[in-house]
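Reviewing the structure listed below.
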Number of protein chains: 2
Amino acid sequence: MERGRGALGPALELVHTGRAPTRAVLTAELGVTRATAGAVAAELEALGLIEVDARPAAAAGSQGRPSHRLSLAPDGPVVLAAQIHADGFRAALVGLGGRMVATAPGCMTVPADPAHIIDAVVEAGAGLLRETGRRCLGAGLAVPSAVAEPEGTALNPLHLSWPAGAPVRELFTEALAKADVPGPGGAPALGVTGNDVNLAALAEHRHGAGRGARHLLCVATGHRGVGGALVLDGRLHSGSSGLALEVGHLTVNPAGLPCHCGSRGCLDVEADPLAFLTAAGRDPGPEVSLLQQSRDLLRTEYADPAVRAAAELVVDRLGLGLAGLVNILNPDRIILGGLHRELLEADPERLRAVVADRSLWGRSGSVPILSCTLDHNSLIGAAEAAWQPVLDDPLAALG
Amino acid sequence: MERGRGALGPALELVHTGRAPTRAVLTAELGVTRATAGAVAAELEALGLIEVDARPAAAAGSQGRPSHRLSLAPDGPVVLAAQIHADGFRAALVGLGGRMVATAPGCMTVPADPAHIIDAVVEAGAGLLRETGRRCLGAGLAVPSAVAEPEGTALNPLHLSWPAGAPVRELFTEALAKADVPGPGGAPALGVTGNDVNLAALAEHRHGAGRGARHLLCVATGHRGVGGALVLDGRLHSGSSGLALEVGHLTVNPAGLPCHCGSRGCLDVEADPLAFLTAAGRDPGPEVSLLQQSRDLLRTEYADPAVRAAAELVVDRLGLGLAGLVNILNPDRIILGGLHRELLEADPERLRAVVADRSLWGRSGSVPILSCTLDHNSLIGAAEAAWQPVLDDPLAALG
DNA sequence: GTATTTTGTTTAGCGTCGGCACAAAGTCAG
DNA sequence: CTGACTTTGTGCCGACGCTAAACAAAATAC
């Protein structure tokens, strides 16, 4: 009866990622007729997900009737996004298009017991839902640890002092049920849970520096160790059990520091904030986060030869690791986050030269290396993961 | 009018890979009704691709009406498969299901000029087509070099003494046109060309030891250097420009031999046949291939402590490389070919122990490591790549 | 003001698939 | 051997989701 049901999900994803600003573009991107695209847009509007603005959009120079503008409904449904990191947690409501609708002030409690902290972050998010009265369609959580699939357990929550193997997805889902947070179809939310760098990569791919990339590699370091993520054709690649892109144990300095993995000179211990501070001869203090200390040092004392030499050392190590990943994954774009982003911006040419020099064929060495561009990309990524069921089947999710 | 057009390709792939022995299984695998599955099977039979045998198939113990058997048509169309390696070339006709229908005797001419050798192998295949009178639907070529996409040039045909960057796909397509080899739809064949290890992985995934794996990693060494390949959800992952899984320059021995890439102790120079022969104190002779010499040594003199020690050394290096790949790719199965297969079979436990020890989480370390099981897997893989258009859209390809 | 271009909408029609009823072919129980 | 049961194959109908085509609308070009 109704037209345009099969294309509903793809159409929403196009508007969601900003690739379908008008009905005309939507028609072309979906590869359907104008009639179908019109019906799809009408259906999405009826569902309260998008808005159609009949006012023309300053058609610059183009002939013909101007196309109507498609935009995401500003008062549409949201998902609950949560992030736990070394220094605390943060909760937010995120709409389609990666728009942060409401944020709870980042809490700086040190996360001791997983159940306790997850309850707290969900309660903060549920409070935002009550305050704003927005409809909620799901919930996502980012944690600084590999998350095993399909169990949803945190395997190495190193800087959270959590037990290895903590059942984070289960705890998250239970907390959501306790706080009455609804998910797709009005049923209790499922509690999508993932590694923070993985989710950040997803967010950057959809709304940030990774837009349009086919094979996107992200590498970042925040506190201790180095994280990686890969987005292939728009889908996160997390391996057969969620453990892909654990890039921290690539050898980047054969004569380097011993690593707990049994080898020496792993990326984890050669290219994280602690490695940088140590190389610069600074004693890391306990007050501020290692990332913040490294960032301050890099920004304020880059003129100091010792600091500059330390930065170049870490850049060289990182470049070796990236080159190894390029040889294995052959991405068409690389995005760096955390300290790696700062190092890239301090001396972009050096990093690019090392990667190009050590990648096998000049061409794959010339892969663009960019800084991440989204604020709170792990949080937005958690929201993206929570949105996925809606993007896959809007009708079922809105039931 | 006709039912079951959308499912035609998936259905053919199921029969092709042996996952749909009967109409009943086909119905379940496709997730359609019996009526649709029946129409699909009838259509594929009318196209001459499969056969439906109404005779029951010894229904062991099961109740109800026995299902009709589905099988691939023995006299159906074929594709031309070609392989070029260090010692010569080989051509064959391959039907659906990876069945070798006809083979030209492997020619042992040393491949000097790419155009010349590609013309010769295509001519050998065209001869088989003339002899057998079979209908041809495409052609595939496997070469021992990375093949850049989308150009189709051989970037490192190291042991062929070809110029780097030889336009192999173009040469192959031209040779096919010269020999009047038809492709999908009767038009001149397109000349699908790929790296031999990549194509071998594809073949093993569909018809060999990789059947049923979601994320399949293949590693092999034949002559010099080490090749890798990854099959993700049934599709070859060759990266954004065909250069993925160039695994030869993973560092596996920090104090090892210098490598032309500028580093030391790369997998390429630490775990190939030459490395093994050298470690065993043997002087590689020029008569037989390095792989053959290694294989003979391993099989006949494994009792010799020096040989055994050399094997263990190479196994340890290989294990380190595999562990690194496991940490990055998190495959659910690994298949080894060439000398690596021999080493695995000589001492399966040692390799598995090294990989498990150096993989991050015990669980991903327990990934099964198997030998490849197909003869001529690169050749079959070239055929698989050539079959792909037919599997994607049988109607268009047979048009 | 008229022609042209491009977009949105309406209507008719058609292809593909699910649902259902029925027939066919085997097993199982007596 | 017979009848009940189970499972598979097929024909018919209708619904769903799309294309095609004609028409209407809104801008630019001349």
Side-chain angles (χ1 to χ4, degrees), chain A residues 1-12 14-15 19-47 50-71 392-396, chain B residues 1-12 14-15 20-47 50-71 392-396 399:
Chain A
M1 189 154 58
E2 207 75 37
R3 179 156 40 183
R5 290 291 175 78
L8 217 54
L12 181 58
L14 285 168
V15 182
R19 284 176 293 164
T22 66
R23 275 229 258 297
V25 177
L26 182 66
T27 303
E29 290 287 322
L30 287 177
V32 298
T33 58
R34 287 201 300 274
T36 303
V40 168
E43 179 87 26
L44 290 175
E45 194 178 20
L47 290 170
I50 73 169
E51 285 187 345
V52 180
D53 186 356
R55 294 283 197 58
S62 73
Q63 284 190 51
R65 174 177 173 176
S67 190
H68 295 177
R69 278 211 92 66
L70 301 180
S71 56
D392 287 341
D393 189 346
L395 279 178
Chain B
M1 187 155 57
E2 206 76 36
R3 177 153 43 182
R5 289 290 176 78
L8 217 55
L12 181 57
L14 285 168
V15 182
T22 66
R23 272 227 209 48
V25 177
L26 182 65
T27 302
E29 291 287 322
L30 287 177
V32 297
T33 58
R34 288 202 299 274
T36 303
V40 168
E43 179 87 27
L44 289 175
E45 192 177 22
L47 290 171
I50 73 169
E51 286 187 345
V52 180
D53 186 357
R55 295 284 197 59
S62 74
Q63 283 189 52
R65 174 176 173 176
S67 191
H68 295 177
R69 278 211 92 64
L70 301 180
S71 57
D392 287 341
D393 188 347
L395 279 178

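Here is the naming used below: chain letters follow the sequence lines, and residue numbers restart at 1 for every chain. All of these numbers come straight from a predicted model, not from anything done at the bench.
For the pair A/Arg5 CZ and D/dG17 P, the computed distance is 5 Å after rounding to whole Å. Atom CG of A/Asp393 and atom P of D/dG17 are 11 Å apart (whole Å). Atom CG in A/Leu26 sits about 12 Å away from atom P in C/dT7, given to the nearest Å. Rounded to an integer number of Å, the gap from CD of B/Glu43 to P of C/dC17 is 11 Å. Whole-Å rounding puts the B/Arg3 CZ to D/dT10 P distance at 11 Å.
Considering only the side chain of A/Pro66, D/dA27 comes nearest among D/dA20, D/dA27, D/dG11. Here the nucleotide nearest the side chain of A/Ala7, chosen from D/dG17, D/dC18, C/dG18, is D/dC18. Closest approach to the A/His68 side chain among D/dG9, D/dC18, C/dG8 is made by C/dG8 (side chain taken as heavy atoms from C-beta onward).
Distance check: A/His68 NE2 to A/Asp53 CG gives 8.5 Å after rounding to the nearest 0.5 Å.
Residue order along DNA chain D, read from the 5' end via each residue's closest nucleotide, puts B/Val25 first among B/Val25 and A/Thr33.
For A/Ser67 and C/dG8, the shortest distance from a side-chain N or O to OP1 or OP2 is below 4.0 Å. A sub-4.0 Å separation between OP1 or OP2 of D/dT10 and a side-chain N or O of B/Arg23 is present. Taking 4.0 angstrom as the limit, A/Thr36 places none of its side-chain polar atoms (N or O) nearer than this to OP1 or OP2 of D/dG17.
Take B/Thr27 and apply the side chain to side chain donor-acceptor pair (under 3.5 Å) test, not counting sequence neighbours, and it matches no residue. A/Arg23 is linked by a salt bridge (Lys or Arg N to Asp or Glu O under 4.0 Å) to nothing, counting only residues two or more places apart in sequence or in another chain. Legend: residues meeting side-chain contact (heavy atoms from CB on, under 4.5 Å) with A/Pro394, ordered by chain and number and at least two apart, are A/Leu8, A/Leu12, A/Leu47, A/Leu49.
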Show each protein N/O and nucleotides 1-6 of chain D N/O combination with a separation under 3.5 Å, one pair to a line.
unit_1 : atom_1 : unit_2  : atom_2 : d
D/dT6  : O4'    : B/Gln63 : OE1    : 3.3

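Between A/Leu30 and A/Pro10, the shortest heavy-atom contact is CD2-CB, 3.8 Å. Closest non-hydrogen pair, A/Leu26 versus A/Ala20, comes out as CD1-CB, 3.9 Å.
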If you look only at distance, which donor and acceptor atoms sit under 3.5 Å apart when one is on a side chain in residues 31-46 of chain B and the other is two or more places apart or in another chain?
unit_1  : atom_1 : unit_2  : atom_2 : d
B/Thr33 : OG1    : B/Thr36 : N      : 3.4
B/Thr33 : OG1    : B/Thr36 : OG1    : 3.2
B/Glu45 : OE2    : B/Val52 : N      : 3.4

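When heavy atoms are screened at a 4.0 angstrom cut-off, B/Ala35 is found touching base atoms of the nucleic acid. Looking at heavy-atom distances under 4.0 Å, B/Arg34 makes contact with a base.
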